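These numbers come from a predicted model, not from an experiment. When reading the values below, keep in mind they use all heavy atoms of this one structure, side chains included, and skip hydrogens, waters and symmetry mates.
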Amino acid sequence: MVKTNQADVVIVGAGIIGLSAAFRLQEAGRSVTLIDKTGIARGTSFGNAAAFAFSDVLPMAAKGMIGKVPGWLMDPLGPLSIPPAYFVKIMPWLVRFWRAGWLDKRDASIAAQVALMELARSEMAALTQAAGTAHMVRSEGSLELYESEAEFSDSLSGWAVREANGIGFEHVRGARLAELQPGLAARFVAGTFVPQWQTVSEPYEFASALGAAVLAKGATLLTETVSSVKPGDDGIIVALGNGEMLLARQVVIACGAWSKNLVAGLGDSVPLDTERGYNTTLPAGAFPLQRQLIFGGHGFVVTPLDNGIRIGGAVELGGLELPPNYARADAMLKKAASFMPGLKTDGGKQWMGFRPSLPDSLPVIGRSTASPDIVYAFGHGHLGLTQSAATARLIADLISDKAPAIDITPFAADRF
């Protein structure tokens with residue numbers, strides 16, 4: 001096969017991670033080629049929950065989920081679901097997830113996540129200013145809600161961890177709770193308000209605006225699949241699904257849930273799996289929503305967007321091949337209607353996306369073992385939008401052979 005084109009930096013994946021990395025690399029004077037089989041931000045970045053969740057520093061395994069898993073699995077429409085056909089395949093991932101909840105692993109993950117989130121906050125502010133997207137960021141905070149005193153008490157240890165790491169919040173009740181979000185059902189006895197939590201006006205529009213800025217700065221976009229990436233004598237060979245090849249100086253693999261097979265071909269075995277997330281976006285005016293609401297006991301959030309209200313979340317560990325089960329979106333919508341009396345549930349649009357997730361809730365950021373000129377940036381789970389600017393900074397550092405802004409050892413592909 002003949003190498004048909006040459007490129008400077010190839011980024012495999014044009015979601016929010018790849019786009020953010022492209023923007024920062026362009027600022028560093030590099031020429032960028034983006035490759036994505038569906039184009040700009042048509043994957044997970046299209047329909048996510050729109051949050052900059054900078055305070056979300058606890059790994060999923062440390063949020064009390066382990067003890068809840070058996071009960072949740074009994075409910076096929078509950079916060080966690082594993083289709084029977086996928087259970088055997090996901091078992092090694094679940095064992096690692098269980099191990100990630102042990103004290104030694106948990107504390108190390110929290111420390112790494114705190115460092116990444118602190119970088120994410122500052123880098124996102126800088127990136128949105130530079131890309132002209134700052135006007136799309138909302139700073140209304142979030143409100144996590146509790147249906148019982150026991151549920152509220154169970155949350156306090158997690159908030160203590162956040163407080164110890166300088167994250168501000170306010171536990172609220174009564175009139176203050178009603179002030180922060182009028183119209184909630186009386187079943188909610190308390191809430192926690194996080195004032196620094198931010199959201200974007202609409203995640204696809206936000207990512208698309210960044211993509212437009214990247215293209216305007218001269219990036220090339222190829223709408224194509226990538227069948228393999230491997231080191232060559234004169235650079236990194238990127239084989240495309242159409243039979244063509246690119247010869248790149250350096251490559252960034254940032255294609256989310258589809259990264260696993262590419263990096264396996266480079267000798268890196270990463271326990272990446274897929275949390276399939278569902279949502280329904282209702283028309284504008286469906287409810288007077290003041291800020292993002294988090295129903296942690298039920299595993300979903302409700303977010304105000306420019307084009308309506310998005311109700312989504314939960315976890316379905318089902319891989320990339322099984323058909324969607326939109327009954328999960330229906331179940332969340334039904335719950336939201338009982339939590340928010342007066343919610344107009346007609347006219348919604350359903351969506352399902354693939355969150356690329358690792359058992360310890362940390363992404364993979366770093367160099368491939370096959371070549372220092374191949375860099376990884378994937379596996380952010382629920383936090384891709386939140387951590388995109390921080391990841392971009394770290395990728396730009398690595399591509400430029402600079403010392404990374406933070407210690408990236410906890411994010412190594414071979415940590416498992």
- [ ] Answer yes or no: does atom CD of Glu321 have more than 12 heavy-atom neighbours from other residues, nucleotides or ligands under 6.0 Å?
- [x] no

Open item on the list: Whether the Thr369 and Asp268 side chains hold a donor-acceptor pair (N or O, under 3.5 Å, no angle test) is what I'd like checked.
Closed with: yes

Task: Any Pro404 side-chain heavy atom under 4.5 Å of Leu398 side chain - done: yes

Open item on the list: Ignoring hydrogens and geometry beyond distance, is a side-chain donor-acceptor pair present between Glu179 and Gln290 at under 3.5 Å?
Closed with: no

Open item on the list: Treating Ser361 as the side-chain partner and Met60 as the backbone partner, does any N or O pair qualify as donor plus acceptor under 3.5 Å?
Closed with: yes

Task: Cationic tip of Arg310 above Phe300 ring, under 6.0 Å, 45° of axis - done: no

Open item on the list: For the aromatic rings, using the six-membered ring if either is Trp, is the centroid distance between Tyr376 and Phe411 under 6.0 Å?
Closed with: no

Open item on the list: Closer than 4.0 angstrom, basic N to acidic O: yes or no for Glu275 and Arg328?
Closed with: no

Task: Donor-acceptor pair between Tyr86 and Asp273 side chains, under 3.5 angstrom - done: yes

Open item on the list: More than 12 heavy atoms of other residues, nucleotides or ligands under 6.0 Å from NZ of Lys217: yes or no?
Closed with: yes

Open item on the list: Among Asp8, Ile11, Val9, exactly one meets side chain to side chain contact (heavy atoms under 4.5 Å, CB included) together with Ile399. Which residue is that?
Closed with: Val9

Task: Closest contact, heavy atoms only, Leu145 versus Glu151 - done: O-OE2, 4.0 Å

Open item on the list: Whether Arg291 and Glu140 form a salt bridge (side-chain N of Lys/Arg under 4.0 Å from carboxylate O of Asp/Glu) is what I want to check.
Closed with: no

Task: Shortest non-hydrogen separation from Phe354 to Ala257 and the atoms involved - done: CB-CB, 4.2 Å

TODO: Examine the side chains of Asp330 and Gln350 and answer whether a donor and an acceptor come within less than 3.5 Å of each other.
DONE: yes

TODO: For the pair Gln196 (side chain) and Gly168 (backbone), establish whether a donor and an acceptor sit closer than 3.5 Å, ignoring hydrogens and angles.
DONE: no

Open item on the list: Using ring centroids (six-membered ring only for Trp), state whether Phe295 and Phe188 fall under 6.0 Å.
Closed with: yes

Open item on the list: For Leu246 versus Asn5, what's the shortest heavy-atom pair and its separation?
Closed with: CD2-CB, 3.3 Å

Open item on the list: Side chains of Tyr146 and Ser153 only: does a donor on one sit below 3.5 Å from an acceptor on the other?
Closed with: no

Open item on the list: Check Asp397 with Arg393, please: is the shortest side-chain N to carboxylate O separation under 4.0 Å?
Closed with: yes

TODO: Measure from NZ or CZ of Arg96 to the centre of the six-membered ring of Trp93 and say whether it is under 6.0 Å with the direction within 45° of the ring axis.
DONE: no

Task: Side-chain donor or acceptor of Tyr278 paired with backbone N/O of Asn325 under 3.5 Å - done: yes

Task: Exam field: side chain Glu205 to backbone Asp306, donor-acceptor pair closer than 3.5 Å - done: no

